[in-house]
Amino acid sequence: MVDQIMRVDYARSTLPENCIFAGGRADREVPIVFSVFVVRAGDRTILVDAGCETMPGFVMEDHIPPMEVLEQKGITDITDVIITHAHHDHIECVKYFPYARVHIQADACARGQKYLKENEKVCTFAEEKTVVDGVKIVRIGGHAIGSCVVECEMDGVVYVLCGDECYTRYNLIHKVPTAASCCPENSQAFLEKYTKAPYVCLLCHEA
């Protein structure tokens, strides 16, 4: 079972409202953060998404490379890295964990190959994978090809690390997919499933 879940923020920026949800205003900016999650389960320390050093097209404020923030917090024992999808801000810094096992959905792996070439411990899967007791990766395929969420069981609750399947509480409360979905039907199915008990969604971009 999972002992601890920690969100680690490493930068701030904004995103147009019409990217947060369909019908949003293009001229209204919504504050967001960039973050990764650390999950401790037994003798495993699992990093969910690796973060980025650069993010073209975004003005990054208070940006500290995620591996530096992890070191500042004394987290230097990463055994596994889960990549929820192969977009730059979630996978770029995987190169700094060459000895960790990297878990990534097969279709996402094909798209993120340039980021993974330095790592020899890449583990792929099709639909879902249990990394360790209490930590399961589940393919959603709403936000991007092969995009996933991570289910973490702790204290009788299933916490869902959402990757980019959901940006803000607005999406969850109103069951409105993000406007950045490759498959809106899959995004809607994600919202219908994970907005009910026993799930609690944890977001990586919500400020």
Side-chain angles (χ1 to χ4, degrees), residues 1-8 35-42 44-51 78-91 94 97 100-113 115-116 119 121-169 171-173 175-178 180-206:
M1 287 294 154
V2 172
D3 303 306
Q4 182 185 28
I5 302 170
M6 180 191 313
R7 191 176 93 162
V8 178
S35 64
V36 297
F37 282 90
V38 175
V39 178
R40 294 194 184 275
R44 307 279 279 275
T45 301
I46 303 165
L47 182 66
V48 178
D49 288 324
I78 301 297
T79 59
D80 301 80
V81 180
I82 296 172
I83 302 297
T84 61
H85 61 291
H87 288 170
H88 181 83
D89 59 315
H90 290 256
I91 195 173
V94 72
F97 305 96
R101 289 177 290 267
V102 177
H103 308 271
I104 184 170
Q105 198 276 340
D107 296 324
C109 181
R111 290 173 174 259
Q113 199 58 48
Y115 298 100
L116 298 165
N119 196 293
K121 299 180 181 178
V122 177
C123 309
T124 62
F125 62 95
E127 295 299 323
E128 62 180 51
K129 177 180 183 179
T130 297
V131 175
V132 66
D133 187 30
V135 179
K136 181 170 68 173
I137 317 169
V138 180
R139 186 187 74 82
I140 303 297
H143 175 67
I145 299 297
S147 58
C148 297
V149 299
V150 183
E151 298 180 6
C152 299
E153 296 183 34
M154 184 172 69
D155 300 329
V157 178
V158 181
Y159 293 95
V160 183
L161 312 185
C162 294
D164 278 0
E165 296 300 340
C166 179
Y167 288 147
T168 70
R169 294 288 149 188
N171 302 101
L172 296 172
I173 293 169
K175 294 188 179 181
V176 177
T178 74
S181 294
C182 76
C183 182
E185 294 81 6
N186 288 356
S187 293
Q188 192 67 53
F190 155 80
L191 290 167
E192 295 299 328
K193 176 180 179 179
Y194 287 107
T195 51
K196 300 182 178 77
Y199 302 111
V200 173
C201 291
L202 303 179
L203 309 180
C204 69
H205 287 304
E206 184 176 51

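We number each residue from 1, following the sequence as shown.
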Participant: Judged by atom type as modelled, is there a donor-acceptor pair below 3.5 Å linking the side chain of Asn119 to the main-chain atoms of Phe97?
Facilitator: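 Yes: the side chain of Asn119 pairs with the backbone of Phe97.
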
Participant: So do Cys123 and Lys129 actually touch side chain to side chain, heavy atoms under 4.5 Å?
Facilitator: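 Side chain of Lys129 against side chain of Cys123, heavy atoms only: contact under 4.5 Å found.
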
Participant: Can you tell if the side chain of Cys162 reaches within under 4.5 Å of the side chain of Leu202, non-hydrogen atoms only?
Facilitator: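 Counting from C-beta outward, Cys162 and Leu202 never come under 4.5 Å.
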
Participant: More than 12 foreign heavy atoms under 6.0 Å from CZ of Arg101: is that the case here?
Facilitator: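 Above 12, so yes.
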
Participant: Nearest 0.5 Å, what's the CD1-SG distance between Ile137 and Cys148?
Facilitator: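 Between atom CD1 of Ile137 and atom SG of Cys148 there are 6.5 Å.
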
Participant: Indicate yes or no: at least one non-hydrogen side-chain atom of Val94 is less than 4.5 angstrom from one of Ile104.
Facilitator: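 Not in contact.
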
Participant: Answer yes if the ring centres of His205 and His90 are under 6.0 angstrom apart, and no otherwise.
Facilitator: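 Yes - the distance between ring centres of His205 and His90 falls below the 6.0 Å cut-off.
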
Participant: Between Ser181 (side chain) and Cys183 (backbone), is there a donor-acceptor pair under 3.5 Å?
Facilitator: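 Not at all, since once roles are kept as given, no pair shorter than 3.5 Å links the two residues.
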
Participant: Please confirm whether the backbone N or O of Asn171 pairs with a side-chain atom of Lys175, one donor and one acceptor, at under 3.5 Å?
Facilitator: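 No: the side chain of Lys175 does not pair with the backbone of Asn171.
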
Participant: Given side chain to side chain contact (heavy atoms under 4.5 Å, CB included), test Leu203 with Tyr167 step by step and report yes or no.
Facilitator: CA-CA 7 Å; Leu203 309 180; Tyr167 288 147; over 6 Å; no

Participant: So which pairs with a foot in residues 155-169 pass salt bridge (Lys or Arg N to Asp or Glu O under 4.0 Å), sequence neighbours left out?
Facilitator: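 Applying salt bridge (Lys or Arg N to Asp or Glu O under 4.0 Å) to every pair that reaches into residues 155-169, excluding sequence neighbours, yields Arg169-Glu206.
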
Participant: What's the separation between atom CD1 in Ile78 and atom CG in Leu47, rounded to the nearest 0.5 Å?
Facilitator: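 CG of Leu47 is found 5.0 Å from CD1 of Ile78.
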
Participant: How long is the gap from OH on Tyr115 to CD1 on Ile83, to the nearest 0.5 Å?
Facilitator: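 Tyr115 atom OH to Ile83 atom CD1 measures 11.0 Å (nearest 0.5 Å).
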
Participant: Are any of the side-chain nitrogens in Asp3 or Arg40 under 4.0 Å away from the carboxylate oxygens of its partner?
Facilitator: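 No, Asp3 and Arg40 are not salt-bridged.
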
Participant: Between Tyr159 and Glu151, is the side chain to side chain contact (heavy atoms under 4.5 Å, CB included) condition met? List the steps.
Facilitator: CA-CA 6 Å; Tyr159 293 95; Glu151 298 180 6; over 6 Å; no

Participant: Which atom pair, heavy atoms only, marks the closest approach of Pro177 to Ser187?
Facilitator: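 Taking Pro177 first and Ser187 second, the nearest heavy atoms are CB-CB, 3.6 Å.
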
Participant: Calculate, to the nearest 0.5 Å, the distance between atoms SG and CG belonging to Cys166 and Leu191 respectively.
Facilitator: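 So the gap between those two atoms works out to 6.0 Å.
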
Participant: Any side-chain heavy atom of Cys152 sitting closer than 4.5 Å to one from Leu161?
Facilitator: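 Touching, per the 4.5 Å side-chain cut-off.
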
Participant: Is there a donor-acceptor contact under 3.5 Å from the side chain of Asp80 to the main chain of Val102?
Facilitator: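 Answer holds: no.
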
Participant: Locate the shortest heavy-atom distance separating Gly163 from Cys204; write the atom from each residue and the value.
Facilitator: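 Distance-wise, the nearest heavy atoms are O-SG, 3.3 Å.
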
Participant: With a 4.5 Å limit on heavy-atom distance, are the side chains of His103 and Thr124 in contact?
Facilitator: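 They are not in side-chain contact.
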
Participant: Side chains of Ile91 and Leu116: closer than 4.5 Å at any heavy-atom pair?
Facilitator: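 They are in contact (side-chain heavy atoms under 4.5 Å apart), so the answer is yes.
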
Participant: Please work out whether the ring planes of His85 and His87 are parallel, tilted or perpendicular, with thresholds of 30° and 60°.
Facilitator: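 Ring orientation, 0 to 90° scale: perpendicular.
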
Participant: Please find the pair of heavy atoms, one from Ala41 and one from Val135, that lie closest to each other, and give the distance.
Facilitator: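 That would be CB-CG2, 4.4 Å.
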
Participant: For Ala126, does its backbone N or O pair with a side-chain atom of Gln105 as donor and acceptor, under 3.5 Å?
Facilitator: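 Present.
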
Participant: Hey, could you give me the CD/CE distance between Glu153 and Met1, rounded to the nearest 0.5 Å?
Facilitator: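 The distance works out to 4.5 Å.
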
Participant: With distance as the sole test, does Asn186 use its side chain to make a donor-acceptor pair with the main-chain N or O of Ile140 at under 3.5 Å?
Facilitator: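 The answer is yes, because a donor-acceptor pair under 3.5 Å joins these two groups.
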
Participant: What I'd like to find out is whether the side chain of Phe37 reaches to under 4.5 Å of the side chain of Asp49, using heavy atoms alone.
Facilitator: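 No. Closest side-chain heavy atoms not under 4.5 Å.
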
Participant: Under the side chain to side chain contact (heavy atoms under 4.5 Å, CB included) rule, what do Val122 and Cys109 come out as? Steps first, then yes or no, please.
Facilitator: CA-CA 9 Å; Val122 177; Cys109 181; 4.0 Å; yes

Participant: What residues, two or more places apart in sequence or in another chain, satisfy side-chain hydrogen bond (donor to acceptor under 3.5 Å, both in side chains) together with Glu127?
Facilitator: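 Glu127: side-chain hydrogen bond (donor to acceptor under 3.5 Å, both in side chains) contacts with Arg139.
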
Participant: Mind listing the closest non-hydrogen atom pair of Ala108 and Gly146 along with its distance?
Facilitator: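 Shortest heavy-atom contact: CB-O, 4.1 Å.
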
Participant: If I compare all heavy atoms of Val81 with all of Ala50, which pair ends up nearest, and what's the gap?
Facilitator: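 Taking every non-hydrogen atom into account, CG1-CB, 4.5 Å.
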
Participant: Just so I know, are the side chains of Val138 and Val160 near enough to count as touching, which here means a heavy-atom distance under 4.5 Å?
Facilitator: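 Heavy-atom side-chain distance check fails, nothing below 4.5 Å.
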
Participant: Judged by atom type as modelled, is there a donor-acceptor pair below 3.5 Å linking the side chain of Thr79 to the main-chain atoms of Thr45?
Facilitator: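 Between the backbone of Thr45 and the side chain of Thr79 there is a qualifying donor-acceptor contact (under 3.5 Å).
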
